[in-house]
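Here is the naming used below: chain letters follow the sequence lines, and residue numbers restart at 1 for every chain. Worth saying up front: this structure is predicted, and the values here are computed from it rather than measured.
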Amino acid sequence: MAGRPSVTDPLSFFTIDRGTASVAVALIAPVDGRFRLLAASAMPASVELETVLADLVARVRSVEPSWLPYADRWPSWIRLEVATAVPSRVVCAAGSRSRGAGLAGAFAGAGWDVDVRSVAGRPARTLPLSHACLDRTVDVLVVAAGDPPSSDERAGLQELITMLGPLAGRRDDLRVVLAGGAAGYEHAFPPGRVTRAPAPRPVEGRSGTPLHAFAAELIGRRAAVSAPPDGHAAYRASIASLASLLGRPVDAVDIGRSSGSRVSVAPDGPVGWMTRADGALVPLGGLDDEAQIEGILHWGPLASDDPDLQDRIRELALHPWRDTSDIGTRLRATALRAASTRLAQHWLRSARSDAGSDERRLDGDVLVVSGGALAAVPVGIAAVALLDAFRRPGMLRMVWDHARILAPLGAIATETDRRRLLADLMDDALIPLGSALVLADGRPSRKLPMVSFQGALTADGMTVTAGSLMAIDLPPGLVARAALRDRAPLSFRRRPRPATPDAWGGLAGLMVDGRPVPLRLPEGGAARRALFEDWERPFWPAAAAPAGAG
Amino acid sequence: MFDLMTAAPGTERDPLWWLPLAPTDHPLVRPGAEVAPGDALLELRFPVDRSFSTVEAVVGGWVRSVDSRGICVQTEGLGVPGSIAFGESVRGRLMVAVPDRFSELRASSIDISVAGTIIVAGARVGLEALTRARTLGARGMICGGISGRELSRLTASDARQRAALRGPAPFALVSLDGYGGRPISSLAWRRLRAAADDEVALGTDPPMVILKCRAAEPAPSATRTPGARRLVRVTSGPYVGREGRVLDLRGTVGSGGMGLHPAALVALAAAGHGRPHERRVMALADLERLD
C-alpha cells in the first residue's frame with residue numbers, strides 16, 4: 001500500500017440519505033481523474049449504518065480492488081449526510097375561512113403536518129382544537145388574521161384568542177405563532193413564546209409568499225437543532241445546481257414515506273417548491289380513513305374496495321420495504337401514482353393562485369425523480385405513474401436519482417464544489433427513465449397531431465389513437481427528434497409544440513401519449529381498472545404479465 | 001448479509017407509558033411519585049353534571065413528568081411493543097384464548113369467562129369477536145394483526161357510545177404486528193403464554209403489552225450471540241408469520257418480473273403440529289431476523 005498515490009484516499013466518500021423508512025448510501029471515489037459512483041444501496045432505516053457502509057466497500061473491493069486502494073480506512077472517510085424526519089405538526093386557527101385556507105396551505109406547503117384547521121365562529125371545532133393544542137405531538141400553534149383584521153374576522157378572532165391563550169399557557173413546549181393582525185393579541189399568550197409572522201394570502205401552498213418562507217424557515221430551524229442537515233432543503237439546493245449546470249429548467253419530485261416534495265427551478269434561480277406531508281407514498285395521518293385508502297387504490301388496476309388490499313396499502317405506510325410480491329409491487333406503483341397526483345394537484349392549485357404574480361409557471365422539460373417510493377417499482381411502471389400525474393403537452397424527459405445522492409450533495413456548502421461533483425456524477429447518478437411525448441393539449445375536440453421521428457428512431461406520419469399510450473423502445477443514450485404535423489384545420493389558437501423536440505432514450509423507452517390532459521378516468525371501478533391495466537401492460541417486464549388481481 | 005436485514009422488535013425493560021390529559025382533567029400525582037396499579041392518577045371532571053371520576057394507573061412505576069401533554073410513567077415491567085392501538089389503557093388478567101399463534105379467535109368461543117380479562121386472540125380478530133368480548137366484560141385484546149376496516153368500524157361504534165353522557169367501560173386493543181392477518185411472533189407468544197393468568201397492562205400510548213418482570217427471567221436479547229443461529233421470521237406473503245433459519249443467500253428474487261430484491265434460502269419450521277417443514281427462496285425484505 002505504501003507505493004499507492006496517497007491523493008486517492010481522502011477523496012473517497014459516502015453519501016447518506018436517511019429517510020424515515022430507509023437509508024440510502026452511496027460510495028463515491030475518484031476514478032481516472034473524475035468522481036464516479038462506485039456502489040449504492042438502500043436498506044430499511046433500522047439496519048445499522050456501519051454494516052451497510054462496510055457492505056458497500058466490500059462489494060467494490062470484490063469487483064475492482066484498485067479503485068479503493070485504502071479501503072481499510074473507510075470508517076474515517078467523509079460522509080455527506082442528510083436526514084428527513086416525520087413532519088412536525090401544527091395547529092392552525094384563523095379568523096375567516098379564506099384566511100384559514102391560506103394559513104394551512106402555507107404551512108402544509110412548507111412541509112408541516114397540519115393537524116387541525118379551525119376557523120373562528122365554528123363552535124363545533126372547539127373541542128378538537130383544544131385537544132389538538134394539548135396533543136404532545138403538536139409542536140406549534142398558529143393563529144392568523146388579515147393585517148388589519150377584516151370586520152368579519154374580528155369577533156371570531158377574539159373568541160379564538162380567549163380559548164387558545166389559556167391552552168397555550170398549559171404547555172410550556174408549545175410554540176405560538178401570530179400571523180398578520182393576530183399579532184395584536186400577543187398579550188393573551190405566555191410572554192416569550194410568541195413569534196410574529198406575515199399575514200396569509202387567501203390561497204397559499206408554493207414557495208414565494210412571505211408566510212410560506214416563514215413556515216419553511218421555522219421548520220428549517222427545528223431541523224437544524226439535530227444534525228444531520230434537512231434532506232428537503234439540501235435536495236432543493238442540489239436541483240438548483242443541476243438546473244444551472246444543464247442550463248435548462250428542471251422539475252423534481254421526491255416521494256418518500258413521510259412526505260413528498262416538488263421543486264421547479266430555472267437555470268438562473270429557484271422558481272418554486274413545496275414539501276407536503278400528504279405527498280408521502282401513503283400519508284401516515286390517514287391510515288384510519290377508509291376513504292383515503294380507497295382513494296389511493298383508485299389510481300391503479302386493483303380493486304379499491306378489497307379490505308385485504310386496503311390493509312396492504314396501510315402496511316406500506318408502516319413497513320414500506322415489506323411485501324415484494326407482484327401484488328405488492330402493483331400496490332407500490334398505485335400508491336406512487338396517487339402520491340404524485342396529490343403533489344401535482346396541490347402544485348397546480350397554488351400555481352393558479354399565483355397567476356397574477358411575477359413567478360414563472362412550470363415549464364421544465366426535465367423531470368428528476370427521487371425518493372424511496374421508487375425503490376421497488378419497475379422503472380417503466382414508475383415512469384407511467386409519474387407521467388399520469390405530471391402531465392402537460394409536449395416532451396418530458398425523466399431521469400431517476402436511483403442512488404439518492406442529490407440530497408446529500410446539496411449539503412455541500414460551496415456551490416462551485418457541488419456543481420463540479422454533479423458534473424462528474426451526473427451520468428452515474430441520474431439514470432434516464434425515458435421520455436414522454438404528450439400530444440393532447442387540453443382541447444377535447446381537437447384531433448391529435450401526427451408524429452414523425454428522426455435520429456435513433458425513424459417513423460413518418462405516425463397516427464396516435466386518442467386515449468392510448470404507446471411504448472416505443474428507445475434505449476438509454478439514444479436521441480430521437482420528434483416533429484408534429486397538425487391534422488386539425490388551421491387555427492389561430494395556440495398549437496401544441498414540444499418545447500424541445502428531442503426525446504432521450506431510457507429504461508422505459510419513449511412513451512407517446514394520446515390521452516387527454518388532464519387525465520380523465522371513467523367513474524366505474526372495472527372500467528378504470530381495465531384502463532390502468534391497458535396503459536401499464538407494455539411497461540411490465542415480459543415475465544410479469546398483468547395478474548388481473550383486481 | 002444477515003446483518004442487512006431488519007431486526008424483529010424485541011422486548012423492552014421498564015418502558016414509558018403515557019396517559020394523555022384533556023383540558024378539564026386534573027392530575028393527582030407529581031413527578032417522582034411512586035405509583036402502583038390501581039392508584040388514582042387523574043381526575044376526570046364532567047362539566048354537565050359537575051360529577052367526577054378518577055383514572056387509575058394500569059401499571060406500577062414512578063412518575064417521570066406531569067404536564068399538559070399528559071402523565072408519563074416509567075413502568076416496572078417488560079414491554080412487548082405493538083404497532084397499532086385502540087382505546088384506553090387497561091389492566092386485567094391475561095387469558096390466552098387460542099391454541100397457537102397462527103389461530104384466529106372466533107366470536108362463538110367467547111363466553112362469560114372473559115369478564116375482566118385481557119384476551120390473547122391470535123393472528124387476527126374480527127369485529128364480531130371484539131364486540132362480543134367487550135359486551136361480556138373483557139378489558140382488552142391482543143392480536144397479531146387487525147383489518148383496518150374493522151378498526152374503523154370499532155372506532156365509529158366507540159364514538160357513538162361515547163356520545164352518551166357516560167361512555168362505555170374502558171377497552172383496549174393492541175395489534176402487535178400491523179394490519180391484516182399476522183400470526184404473533186414466537187418471541188411475543190412465548191412471553192404471553194408465560195404470563196397467562198397474571199395481571200398485565202395494555203398501554204395504548206405507545207401501543208404496548210406490559211408484563212410483570214420475573215426475577216429469574218434473563219434480560220432481553222442478552223441470551224445469545226446476535227445472528228448466531230440466523231433465525232428469521234417471514235413478515236409478508238403466503239408464509240407470513242412462519243419462522244425458520246437462513247441457509248444461504250440466493251441472488252435476487254423478482255417482483256413484477258424483475259430481480260429487484262436480494263434473497264435467501266430459508267428452512268421454514270412447520271406452521272403447526274403435523275405440518276411439513278419447507279425450504280423456500282425468499283426476499284430479505286420479507287424477512288426479519290430474530291437473533
Nearest-0.5 Å distance that lies between atom CG in Leu386(A) and atom CG in Leu433(A) =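 Interatomic distance, Leu386(A) CG to Leu433(A) CG, rounded to 0.5 Å: 7.5 Å.
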OG on Ser186(B) to CZ on Phe102(B), rounded to 0.5 Å =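 Between atom CZ of Phe102(B) and atom OG of Ser186(B) there are 8.5 Å.
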Can you tell me which portion of [X] sits under 4.5 Å from chain A's heavy atoms? Options are side chain, backbone, both or neither.
{"X": "Arg153(B)", "value": "neither"}
{"X": "Glu150(B)", "value": "neither"}
{"X": "Thr155(B)", "value": "neither"}

Distance-only polar pair, side chains of [X] and [Y], donor-acceptor under 3.5 Å:
{"X": "Ser83(B)", "Y": "Asp177(B)", "answer": "no"}
{"X": "Arg89(A)", "Y": "Thr137(A)", "answer": "yes"}
{"X": "Arg404(A)", "Y": "Ser22(A)", "answer": "yes"}

For the candidates [options], which exhibits the highest count of non-hydrogen atom pairs separated by less than 4.5 Å from chain B?
{"options": "His131(A), Glu290(A), Glu48(A)", "result": "Glu290(A)"}
{"options": "Asp173(A), Leu174(A), Val138(A), Asp288(A)", "result": "Asp173(A)"}
{"options": "Asp305(A), Asp135(A), Asp172(A), Ile293(A)", "result": "Asp305(A)"}

Answer with side chain, backbone, both or neither: which region of [X] has an atom nearer than 4.5 Å to a non-hydrogen atom of chain B?
{"X": "Asp308(A)", "answer": "neither"}
{"X": "Thr51(A)", "answer": "both"}
{"X": "Asp289(A)", "answer": "neither"}
{"X": "Leu318(A)", "answer": "side chain"}

Considering non-hydrogen atoms only, spot the tightest contact between Ala129(B) and Met141(B) and give its length.
->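 Shortest heavy-atom separation between Ala129(B) and Met141(B) comes out as O-CE, 3.7 Å.
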Answer yes or no for Arg330(A) and Trp540(A): cation-pi contact, defined as NZ/CZ to six-membered ring centre under 6.0 Å and angle to ring axis within 45°.
->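 Yes, cation above the ring, under 6.0 Å and within 45°.
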Side chain to side chain contact (heavy atoms under 4.5 Å, CB included) between Gln74(B) and Leu16(B): does it pass, once the steps are laid out?
-> CA-CA 5 Å; Gln74(B) 175 95 55; Leu16(B) 294 181; 3.8 Å; yes
Between Asp205(B), Leu151(B), Ile84(B), Asp67(B), which has the largest tally of heavy atom pairs under 4.5 Å with chain A?
->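 The answer is Asp205(B).
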